[in-house]
Amino acid sequence: MLGYTVKRLLTLIPTLLIASILIFLFIHLIPGDPAAILLGDSATPEDIAALSAQMGFDKPLWQQYLLWIKNVLHGDFGNSVFFKTPVLDVIADGAETSIFLALMTMFWIVLFGIPIGILSASFHGGWIDQITSGGAMLFASIPTFWLGLYLILIFSVGLGWFPSSGFPSISDDGGLTNLRYLILPSLTLAAPNAALIVRLVRASMLDVSREDHVRTARSKGLHPARVSIKHVFRNALIAVAAAFGFTFAALVSEAVVTETVFSLPGIGRLVVQSILRRDYPVIQGVILFIVLLYLVINLLVDLAYARLDPRVSLQ
Amino acid sequence: MQCGTALILGLKTILQVCSVALLELDNLNIAVASKDKLLPVVHDCSLSLAEHETLGIVGESGCGKSLTALAIMGLLEGSQVKITSGSIVFDGQNLLEMKPSRRRLIMGDRMAMIFQEPMTSLNPVYRIGDQIIEVIRQHRRISNQGAKQRALELLELVKIPQPEDRINSFPHQLSGGQRQRVMIAIAMACDPALLIADEPTTALDVTVQKEVLDLMLDLQQRTGTSIILISHDLGVIAETCNEVAVMYRGRIIEKARTRQLFSHMAHPYTRGLLASIPSVVTDTDWLEAIPGRVPTIDEQLSGCAFHPRCAHTKTSCSQTEPPLIEVQEHHAVRCHFAGEI
Ligand SMILES: Nc1ncnc2c1ncn2[C@@H]1O[C@H](COP(=O)(O)OP(=O)(O)OP(=O)(O)O)[C@@H](O)[C@H]1O
Ligand SMILES: [Mg+2]
């Protein structure tokens with residue numbers, strides 16, 4: 001297990017290098033000049049060229065890449081063109097919001113997705129199943145921005161229970177009560193993914209319940225609930241765990257929309273705004289960070305998978 | 001004269017009451033729900049099994065052996081297979097009228113089952129020891145340590161080498177024969193009065209088949225369990241059973257004490273079945289197959305279920321279904337011409 005983990009971590013290095021090249025190439029394919037955007041409409045071409053040269057954007061692309069990657073390997077991601085502060089600081093600011101948002105979202109997904117999925121499978125064909133499956137279908141197909149706006153309309157504007165936007169930093173003024181700012185956004189983000197988990201748990205439990213070993217479990221005289229959880233769900237969990245990797249990928253893209261709707265200072269919004277500003281160093285840094293996170297989460301999923309299924313051996 | 005028959009009838013009833021039947025199936029009918037109708041798959045199945053005895057059920061694939069076994073065990077609940085009428089009396093209680101919670105007290109304790117598919121009948125994610133312990137702790141008030149001790153004994157009993165190591169193995173680390181031994185250990189864990197073995201060796205290597213079968217019979221000697229042994233191998237049945245029921249298309253077409261059946265088999269299907277066993281047919285080097293094929297369950301047939309394949313078919317065979325008639329004591333045959341052919 002440990003050997004495998006180390007080996008997998010080592011393979012991260014070439015993957016990240018390839019990813020960094022692709023990121024660099026794609027970003028410079030976006031038309032538009034950061035200097036021009038920074039200086040605004042009134043700037044003369046000479047001003048723009050001067051600023052471009054000052055920031056090193058006039059050199060050939062491969063030289064720019066080599067310089068960047070050399071600095072990155074030394075832990076220096078450069079400065080943001082827009083904020084003028086180090087890219088790592090900019091990412092760290094956004095990461096706080098995003099990490100709390102992600103954790104809270106995962107909490108909802110597990111809290112709602114798994115029990116409702118189990119209920120749906122246990123009473124499959126009955127009215128409970130019809131309601132939960134119908135609900136899952138609905139939530140899986142509602143667009144994130146629409147759900148977010150409606151939640152704001154009902155719970156912030158209408159009932160006044162939760163704030164509608166922003167997220168004051170917890171590390172700055174230290175109150176965990178600030179988490180209430182994240183309740184609506186995390187619910188918005190969780191809804192479609194929890195719905196997918198409901199459907200996945202239901203489908204894999206129904207698959208497993210047809211397996212022979214479930215009949216053996218029932219022949220022992222176990223209570224149906226025990227058969228359902230200990231035997232059927234435990235085996236279905238293997239397929240569900242594998243899907244959590246994909247859920248993460250979906251979360252990243254949906255977070256962009258959610259953070260925009262709720263004006264949250266998170267990574268998702270940072271990416272979008274940096275692209276609009278052509279803030280190349282920030283975009284490169286953030287996307288590299290997301291790729292790394294994605295690879296690590298996939299590694300964790302694989303490790304969990306091997307934990308859950310004794311037939312899988314990690315080589 | 002009349003007085004004599006009455007006396008005999010009376011004696012018979014007394015005998016029936018006195019004989020200790022552990023299990024009694026009376027006119028059990030099973031049907032598969034498909035779309036909006038019920039397709040009958042087991043018809044008027046009546047069987048009885050005394051304590052310490054072994055009952056064999058033989059028949060071709062798809063004739064309803066497993067469904068009958070699952071019905072007795074109570075494992076049809078929740079599937080599209082339904083019991084439409086009849087009764088299953090075990091230990092003097094009709095299982096079909098029992099609340100599910102009471103029935104579960106019997107399942108795995110007084111009654112246990114070994115399945116046809118040893119490779120997939122154990123849960124792949126749990127250690128075999130835990131799977132044995134689970135059934136013990138379900139039915140006995142015993143500490144985890146005590147249950148583990150009992151699991152070790154059981155593994156030894158079913159002749160798994162190095163039980164102390166094997167108890168921590170996962171099913172995929174065991175061979176098919178060993179997995180079936182573990183299934184036997186699970187089934188025997190609470191000393192059941194009835195063990196249902198549904199083709200316990202069909203999926204195993206020929207060399208392993210005999211070992212597993214011998215193991216079951218050995219355990220029966222020790223514990224006095226009654227066994228229902230399902231097989232399509234008349235040879236195995238002849239060696240191990242006290243009584244045999246032959247099924248064809250969901251019907252019992254002949255049943256008798258084993259010696260009676262093999263010396264006086266009366267139904268043409270039973271004879272065909274015997275003739276298709278190479279070890280019994282010694283003077284020919286060809287195998288006699290019963291002509292034709294088993295019709296599928298949704299084909300409607302009038303008259304005797306076997307008449308399209310029977311060599312002795314007469315016109316009445318395709319018109320009325322023969323009842324199960326006692327041609328001798330403890331020997332019943334479902335054929336219009338049982339005494340004649
Ligand atoms: N769940 C089910 N749904 C529909 N039909 C079924 C179901 N289970 C069994 N059947 C049908 O019922 C009939 C009897 O099946 P059963 O499994 O009892 O046969 P069997 O005698 O055990 O055969 P084998 O020797 O192959 O195990 C078969 O024709 C089968 O197709
Ligand atoms: Mg079968």
Side-chain angles (χ1 to χ4, degrees), chain A residues 1 114 118-129 201-202 204-242 301-315, chain B residues 66 69-70 72-80 100-128 130-140 168-173 179 182-183 186-187 189-190 192 195-196 198 203:
Chain A
M1 193 89 154
I114 287 177
I118 294 176
L119 271 183
S120 186
S122 303
F123 297 98
H124 78 102
W127 61 270
I128 293 184
D129 180 30
V201 167
R202 179 182 184 274
S204 22
M205 280 185 71
L206 289 183
D207 277 350
V208 173
S209 65
R210 279 187 284 270
E211 284 173 16
D212 292 333
H213 64 82
V214 176
R215 192 182 52 194
T216 307
R218 293 203 293 136
S219 80
K220 291 174 174 178
L222 306 180
H223 192 277
R226 191 181 162 94
V227 175
S228 243
I229 304 293
K230 213 188 138 191
H231 292 271
V232 180
F233 176 67
R234 177 60 181 73
N235 276 276
L237 198 56
I238 297 170
V240 175
V301 165
D302 285 352
L303 291 178
Y305 197 76
R307 266 328 265 272
L308 288 172
D309 189 348
R311 287 163 296 187
V312 173
S313 67
L314 297 174
Q315 294 304 337
Chain B
S66 293
L70 293 172
I72 298 170
M73 194 63 203
L75 292 173
L76 292 180
E77 223 102 310
S79 72
Q80 70 263 53
S101 58
R102 282 208 42 221
R103 183 130 197 216
R104 285 199 298 272
L105 295 179
I106 297 176
M107 293 162 77
D109 185 11
R110 298 275 298 145
M111 190 191 274
M113 183 159 174
I114 308 169
F115 300 95
Q116 212 167 335
E117 304 85 3
M119 299 309 283
T120 49
S121 287
L122 291 167
N123 192 328
V125 305
Y126 293 119
R127 298 174 196 280
I128 59 165
D130 294 334
Q131 301 193 43
I132 302 174
I133 290 171
E134 183 176 39
V135 68
I136 301 173
R137 297 206 65 186
Q138 178 69 23
H139 296 288
R140 300 278 181 274
N168 291 320
S169 297
F170 288 100
H172 72 274
Q173 295 164 327
R179 288 187 213 189
V182 173
M183 278 302 298
I186 291 174
C190 297
L195 175 67
I196 303 173
D198 184 2

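Protein chains get the first letters and strands the later ones, always in sequence-line order, with residue 1 at the start of each.
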Scan B:M119, B:E117, B:Q116 and name whichever one has a side-chain contact (heavy atoms from CB on, under 4.5 Å) with A:D212.
-> B:E117
Minimal non-hydrogen separation, A:K220 against B:E134, with atom names = NZ-OE1, 3.0 Å
Nearest 0.5 Å please: distance from the CZ atom of A:R215 over to the CG atom of B:L70.
-> 6.0 Å
Here the pair of heavy atoms bringing A:G221 nearest to B:H139 is CA-NE2, 4.4 Å
Of the non-hydrogen atoms in A:L222 and B:Q138, which two are nearest, and what is the gap between them?
-> CD2-OE1, 3.3 Å
Heavy-atom proximity to chain B below 4.5 Å, by part of A:I238 = side chain
Might you point out which heavy atoms bring A:H213 and B:P124 nearest each other, and give the distance in Å?
-> CD2-CD, 3.6 Å
Decide if atom CZ of A:R307 counts as having more than 12 heavy atoms of other residues, nucleotides or ligands within a radius under 6.0 Å.
-> no
With the side chain counted from C-beta on, respond yes when B:N123 and A:N235 share a heavy-atom pair under 4.5 Å apart, and no when they do not.
-> yes
Could you have a look at B:D109, B:V135, B:I186, B:L105 and say which one has the most heavy-atom pairs with chain A under 4.5 angstrom?
-> B:V135
Bottom line for B:Q173: the part with an atom under 4.5 Å from chain A's heavy atoms is neither
What closest approach, in Å, do B:L75 and A:R218 show between heavy atoms, and which atom pair accounts for it?
-> O-NH2, 3.0 Å
4.5 Å side-chain heavy-atom contact, B:R127 and A:P310 | no
